[in-house]
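Data first, discussion second: the structure below is written as C-alpha cells.
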Amino acid sequence: MKCTNLIIAPYFEDVAAQDFCADLATATEASDRVLIVDDGSLNLPFDKQWLSANGMQGQVLRLVRNVGHQQAIHAGISYAVNNVEFENLIVLDSDGEDKPSDIKWLLGELERGCDVAVATRRSRVESVKFKVFYQVYRFLFRALVGHVIGFGNFMAMKFKSAKRLSLSPESQLHLAASVINSRLNLKAVSLDRGERYRGTSRMNLVSLTLHGLRSVMVFADQVLVRITLFSVAFGTIVIAAMLGMTAMKLIGTAIPGWYSTGGGILILMLTQAAFMALMMLLMSGKLLSKAVLDSQEYKKMIAKIDVA
C-alpha cells in the first residue's frame, strides 16, 4: 500500500464508526489511505465495508486481544512504518472528538517544516469535573516532569517521525508524552474539540488516573531525580530543624516536653523522606520495564489484516 497521507484510527466496539467513516471521506483525498486498528472487538468488530461504502481504501488491523488505546495506536504506527509507503501519518480517534475536517490544519503545519503537528484544545465539550481533573493532571505533570502537556492523540507526523516513535517502546504507554520525550520538532495547532457522535466516553476516574500515571512513567528517570532532590531538600530542612531544637535544649530555652515531641516528629519525617527516595530508586526502573514491551511486539498482537 502506497499513499501520501495515511490515517490511523483506533477502534473498539464503537457504534459511531460509520459516522466517523462518512466524515473522514469528506475530509480526505482519494489518494489517502486509512488504517483502522480494531483493538480486539468481539461484539461489534469493525466492518471493512464501512470504508469502501464511503469510497475509501485501506486496511483493518485486527488485534488478538484488547490491549488498550495507547498500545493499539503504537501497533498501528509500527505496522505502518514497516509495511506501508507513506509521507505523512495522521492519528485521530474515531468517536468524533477529533474532527476529520481539522486534519488539513495539521498537515499545513507539517508543510511548514515541523516534524510533528499536534492538536491543542481552545475549547472543550466536557463536564466541569473532567476539566478540573485535567487541570490538576497538567499541574502535576509539569511539577514532576518539567514539561507542559496540552495535547492528546490527534496529531500528524512525517515518516521519519513515525519511525522514531515506532522504535520508542514508551509510546505504548502514552503517545503524547512519548512525542515530548522524543525531542522531535513539535508544533501545536489550536483547534476546537468536537462532540462525540453517539454515546459517552468509557473513560472513568480510574482509567483517567491510570492514563495520567502512564504519561509520567515515560519520564521515569526525570521524575526519580526530581523526587530524590525534593527528598534531599526536605531531609536537609528537617536536620536543620533538629539541630536548632537541640541548640535550644542545650541553652535551656526549650519548652519542657517540646523537644522530645518535636524531635520525634522530625525524625519520623526524615525517615519517611529517606524511605520515599529509596523506594523511587528501586521501583521506577522496574515498573517501566514491566509496562513497556519490545518495539517489535506489535507483530505478535496482529491476528488478521483485512483489506478494504
Side-chain angles (χ1 to χ4, degrees), residues 1 6-17 20-21 24 33-48 50-51 58-84 86 89-98 100 116 118-119 151-157 161-179 182 196-197 199 201-204 206-208 210-215 217-218 290-308:
M1 186 168 67
L6 176 66
I7 297 96
I8 292 181
Y11 168 88
F12 181 70
E13 300 184 355
D14 192 344
V15 295
F20 168 72
C21 291
L24 191 61
R33 297 294 181 266
V34 182
L35 179 63
I36 301 294
V37 185
D38 189 330
D39 189 15
S41 300
L42 293 175
N43 299 318
L44 186 62
F46 189 92
D47 190 340
K48 64 181 182 180
W50 296 342
L51 291 176
Q59 295 176 310
V60 181
L61 205 66
R62 303 193 188 278
L63 305 186
V64 293
R65 63 182 179 87
N66 181 255
V67 297
H69 198 249
Q70 299 299 295
Q71 284 194 33
I73 293 175
H74 177 81
I77 294 176
S78 299
Y79 173 82
V81 165
N82 290 282
N83 298 277
V84 183
F86 63 90
L89 183 145
I90 301 98
V91 178
L92 78 165
D93 291 334
S94 59
D95 56 11
E97 294 184 354
D98 299 337
V116 183
V118 300
F151 60 95
N153 300 318
F154 192 15
M155 61 184 70
M157 65 191 76
S161 304
K163 185 173 182 179
R164 188 182 183 110
L165 290 174
S166 72
L167 296 174
S168 301
E170 300 86 4
S171 62
Q172 297 174 86
L173 291 176
H174 198 282
L175 178 62
S178 296
V179 170
S182 68
R196 296 181 67 88
Y197 293 116
S201 175
R202 292 186 177 92
M203 296 287 279
N204 53 33
V206 174
S207 56
L208 285 171
L210 179 59
H211 186 61
L213 289 174
R214 285 174 173 169
S215 70
M217 289 179 65
V218 172
K290 282 186 175 181
V292 177
L293 303 176
D294 182 81
S295 60
Q296 296 299 311
E297 190 75 12
Y298 81 94
K299 295 179 181 179
K300 301 176 183 178
M301 296 161 58
I302 301 173
K304 183 180 179 183
I305 301 174
D306 290 336
V307 179

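In this text, all values refer to a predicted model and were calculated from it rather than measured experimentally. Start at 1 with the first residue, then count along the sequence.
- Atoms CG and CH2, from Leu24 and Trp50 in turn, are 14.0 Å apart once rounded to the nearest 0.5 Å.
- Between His74 and Ser168, the shortest heavy-atom contact is CE1-O, 3.9 Å.
- Note that CZ of Arg62 is 12.5 Å distant from CD1 of Ile302, once rounded to the nearest 0.5 Å.
- Between the side chain of Glu170 and the backbone N or O of Ser178 there is no donor-acceptor pair closer than 3.5 Å.
- With a 4.5 Å cut-off on side-chain heavy atoms, Phe20 and Leu92 count as touching.
- When each of Ile77, Ile73, Leu63 is tested with Val37 by the rule side chain to side chain contact (heavy atoms under 4.5 Å, CB included), just one qualifies, namely Leu63.
- Among Val84, Leu35, Ile36, the one residue that satisfies the side chain to side chain contact (heavy atoms under 4.5 Å, CB included) test with Ile8 is Leu35.
- Across Leu175 and Gln70, no two heavy atoms sit closer than the pair N-OE1, 2.7 Å.
- Every residue meeting the ring pair (Phe, Tyr, Trp, His ring centres under 6.0 Å) condition with Tyr11, not counting sequence neighbours, appears here in chain and number order: Phe46.
- Interatomic distance, Ser41 OG to Arg65 CZ, rounded to the nearest 0.5 Å: 14.0 Å.
- Within the 3.5 Å criterion, the main-chain N or O of Pro10 finds a donor-acceptor partner in the side chain of Ser94.
- When all heavy atoms of Gln71 and Met301 are compared, the pair lying nearest together is O-CE, 3.9 Å.
- Shown here for Met155 and Val179, the closest heavy-atom pair between the two residues is SD-CG2, 3.8 Å.
- The shortest distance between side-chain heavy atoms of Asn153 and His69 falls below 4.5 Å.
- Side-chain N or O atoms of Ser171 include one that pairs as donor or acceptor with a backbone N or O of Leu165 at under 3.5 Å.
- Panel note: side chain Asp93, backbone Asp95; no donor-acceptor pair is recorded below 3.5 Å.
- Residues satisfying the salt bridge (charged side-chain N to carboxylate O under 4.0 Å, His left out) test with Asp39, not counting sequence neighbours, are none.
- Between Leu61 and Gly76, the shortest heavy-atom contact is CD2-CA, 4.2 Å.
- For Asp98, the salt bridge (charged side-chain N to carboxylate O under 4.0 Å, His left out) partners at least two apart in sequence or on another chain are Arg121.
- Between the side chain of Glu13 and the main chain of Asn43, a donor-acceptor pair closer than 3.5 Å is present.
- Closest approach of Pro45 to Asp38, counting heavy atoms only: CA-OD2, 3.5 Å.
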